[in-house]
Amino acid sequence: MVENVNLGKGEDQASTPEKHINFVEEIINGHLKSGRFGQIVHTRFPPEPNGYLHIGHAKSIALNFSLAEKYGGLCNLRFDDTNPSKEESEYVDSIKADIKWLGFDWEDREYYASDYFEQLYAWAVKLIKAGLAYVCELSAEEGREYRGTLTEPGKHSPYRNRSIKENLDLFAGMRAGAFPDGSKTLKAKIDMAHPNFTMRDPVIYRILHDHHHRTGDKWCIYPMYDFTHGQSDSLEGITQSICTLEFENHRPLYDWFCEKLEIHHPQQIEFARLNLTYMVMSKRKFLTLVNEGHVSGWDDPRMPTISGLRRRGYTPESIRKFCEYIGVSKNNSVVDVTILENHVREHLNAVAPRVMAVLKPLKVVIENYPADKIENLEAVNNPEDETAGNRIVPFTRELYIDHDDFMEVPVKKYFRLAPGTEVRLRYAYIIKCESAIRDEAGNIVELRCSIDLDTLGKQPLDRRVKGVIHWVSADHAIDAQVRLYDRLFSVEHPDKVEEGEDFTSHLNPDSLEIIEHAKVEPSLLGVKASERFQFERVGYFSVDKDTTPEKPVFNRIVSLRDSWARITRNS
RNA sequence: UGCCGGGUGGUGAAAUGGUAUCACUAAGGUCUCUGGUUCCUUCAUUGGGGGUUCGAAUCCUCCCCCGGCAACCA
């Protein structure tokens with residue numbers, strides 16, 4: 001029907017789909033066309049080192065670094081460390097490790113806003129000399145009162161009209177440590193009646209007798225974000241300064257400082273931050289989760305932190321693709337977490353070696369198979385990747401299969417094992433269930449089966465056996481701990497809470513199930529942390545750092561799509 | 001209430017005055033020694049009203065809804 005399909009290039013088009021240009025790229029194209037910044041594109045990722053990075057940051061990182069790459073420019077890493085009381089070098093290290101893990105490289109351009117303190121100070125003096133800044137002695141609370149409200153304009157500080165000389169002396173005194181914390185601030189003199197609060201004489205310097213992670217005790221006054229960010233961008237020759245929507249109100253101030261200081265003036269561009277269903281995404285809430293013990297730490301595999309996703313087993317490729325896929329816009333949106341999950345499935349389907357692992361072991365004894373016989377059967381490592389090769393799995397008289405693969409009274413369309421029915425053991429033979437053995441409590445603890453030895457590598461001609469199940473040899477199986485992770489919250493929007501509740505009331509009580517004695521195939525002996533596998537018919541798993549040579553520990557990254565579970569759920 | 005943003009299927013994004021497009025989810029089907037993968041099919045007239053126009057998601061206008069802003073945080 002469609003005539004304009006280019007058949008010759010069809011595969012190329014599929015692998016590199018015609019990507020729509022997002023609004024940020026449109027703006028950049030405009031800059032390139034007008035020559036506002038010449039033909040240069042220079043972005044930056046500016047984290048505050050006061051917490052761990054999360055998937056929302058990954059969106060910003062991917063955006064900034066990818067834009068630079070796409071336009072043949074550069075992207076800096078800059079730590080926005082203007083608040084000494086909250087920032088630590090521990091976070092600097094983790095942030096750098098996370099960005100590297102994601103696969104981005106700032107090369108030698110690792111900058112710190114604190115490196116610009118001296119220049120920032122000089123610019124503050126310049127503002128004072130231009131009559132555009134003054135030392136104010138209103139307390140924080142008084143400052144709030146003077147700022148006015150949504151509907152009423154603010155009023156002028158009584159200190160607003162000091163002489164330039166007095167301001168200069170006072171500001172020098174602030175730097176010299178002559179005044180206690182909170183006693184004075186330096187404010188920009190703009191417009192107390194401005195409809196935008198950020199323009200109502202904003203504080204640009206405050207007194208903080210605090211130790212800074214990089215400048216030590218050199219300073220006791222520190223610049224505010226608004227007086228730092230744009231100037232830092234300017235010093236680094238940034239062209240497009242990309243940030244999230246909540247800074248939109250700050251753009252007039254960003255512009256004001258660049259203009260009044262007469263310095264290189266980057267363009268601030270705001271985009272919508274990432275939200276995911278079944279997740280919260282703020283440092284404060286993460287802290288609550290950690291401090292109240294709902295998770296084991298910032299790198300708990302259920303956390304949407306980069307370190308959590310990494311430990312869970314997510315691949316950096318899948319996170320990058322996800323970030324590209326969701327796009328960039330100014331719409332406040334909530335992305336369905338299944339999209340993230342599908343990206344990691346897609347990647348792991350292509351690259352993860354397949355193995356057999358039995359999570360809930362049920363012993364199977366094949367009565368017509370010799371007790372002393374061991375057959376080494378060949379299994380495909382990855383049907384999606386011919387180069388992955390084959391491996392050997394030992395087959396013996398006593399096996400384990402998964403409890404879920406047996407039903408004493410099978411429901412309709414169930415084609416796994418049941419009394420009297422047959423099933424294919426993956427890569428091995430067809431067996432038939434002859435009887436089930438119970439313990440005293442009535443639980444089924446063992447199956448007695450018979451084998452059809454004429455079914456290895458071929459289908460029987462006289463009948464169709466549809467079910468295929470995984471198994472491990474009881475004698476050869478390795479004992480493993482398996483941690484089944486699920487969504488941390490049980491509702492799509494955990495932030496939406498009733499009166500008197502908070503987001504923790506939506507925690508999913510079943511977000512972690514630990515299986516102490518799973519049985520996995522012997523090829524898994526000696527696995528190393530962060531290796532990833534597909535447990536056939538079950539899901540994708542990665543080796544946790546808690547693994548020991550004696551006992552491997554696996555984290556479930558994500559289950560396989562399970563259309564059987566869907567059928568049973570719907571009926 | 002003031003200012004700034006934003007409203008396109010259940011979800012995320014396209015379409016920049018000219019046939020509402022691409023994915024995800026969901027549902028159904030195909031294939032299969034993974035109930036995985038693959039492949040196929042189905043699912044919106046763009047927040048609402050009015051206007052301009054041969055023609056509007058796109059332009060004008062009024063209204064509605066959602067988000068952000070009143071830290072000496074970023």
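Here is the naming used below: chain letters follow the sequence lines, and residue numbers restart at 1 for every chain. This one's a predicted model, so the numbers in the text were calculated from it and none came from an experiment.
Judged by distance alone with a 3.5 Å cut-off, no donor-acceptor contact links the side chain of A:Glu270 to the base of B:G6. Applying the 3.5 Å distance criterion, the base of B:A23 shares a donor-acceptor pair with the side chain of A:Tyr325. At a cut-off of 3.5 angstrom, counting only N and O atoms as typed in the model, there is no donor on one side facing an acceptor on the other between the side-chain of A:Arg566 and the base of B:G35.
Of the C1' atoms belonging to B:G55 and B:C66, the separation is 32 Å, rounded to the nearest Å. The separation of B:G68 from B:A57, taken at their P atoms, amounts to 31 Å, rounded to a whole angstrom. Rounded to the nearest Å, the gap between the C1' atom of B:U53 and that of B:U58 is 13 Å. Rounded to a whole angstrom, the distance from the C1' atom of B:A13 to that of B:U46 is 14 Å. Taking atom P in both B:C64 and B:U1, one finds a spacing of 9 Å when rounded to whole Å. Atom name C1', nucleotides B:G49 and B:C43: the rounded distance is 28 Å, in whole Å. Between B:U8 and B:C59, the two P atoms lie 15 Å apart (nearest whole Å). Taking the P atoms as reference points, B:G29 lies 24 Å from B:G10, given to the whole Å.
A:Tyr429 and A:Glu375 share a side-chain donor-acceptor pair at under 3.5 Å.
Counting non-hydrogen atoms under 4.0 angstrom, A:Asn342 reaches the backbone sugars and phosphates but no base.
For A:Tyr111 and A:Phe79, the gap between ring centers reaches or exceeds 6.0 Å. A distance below 6.0 Å separates the ring centres of A:Tyr121 and A:Phe171.
The side chain of A:Asp80 lies closest to B:A74, out of B:G36, B:G35, B:A74. When distances are taken from the side chain of A:Ile326 to each of B:G12, B:G6, B:G67, the shortest belongs to B:G12. Closest to the side chain of A:Arg144, from the set B:C3, B:G36, B:A71, is B:A71. Taking the side chain of A:Arg354 as heavy atoms from C-beta on, and the options B:U11, B:U34, B:C72, the nearest nucleotide is B:U34.
Salt-bridge formation is detected for the pair A:Arg78/A:Asp233: a Lys NZ or Arg NE/NH1/NH2 atom is positioned less than 4.0 Å from an Asp or Glu carboxylate oxygen. For A:Glu137 and A:Arg162, the salt-bridge test passes: some basic side-chain N is under 4.0 Å from an acidic carboxylate O.
RNA chain B is contacted by both A:His229 and A:Arg537; A:Arg537 maps to the nucleotide lying nearer its 5′ end (nearest heavy atom per residue).
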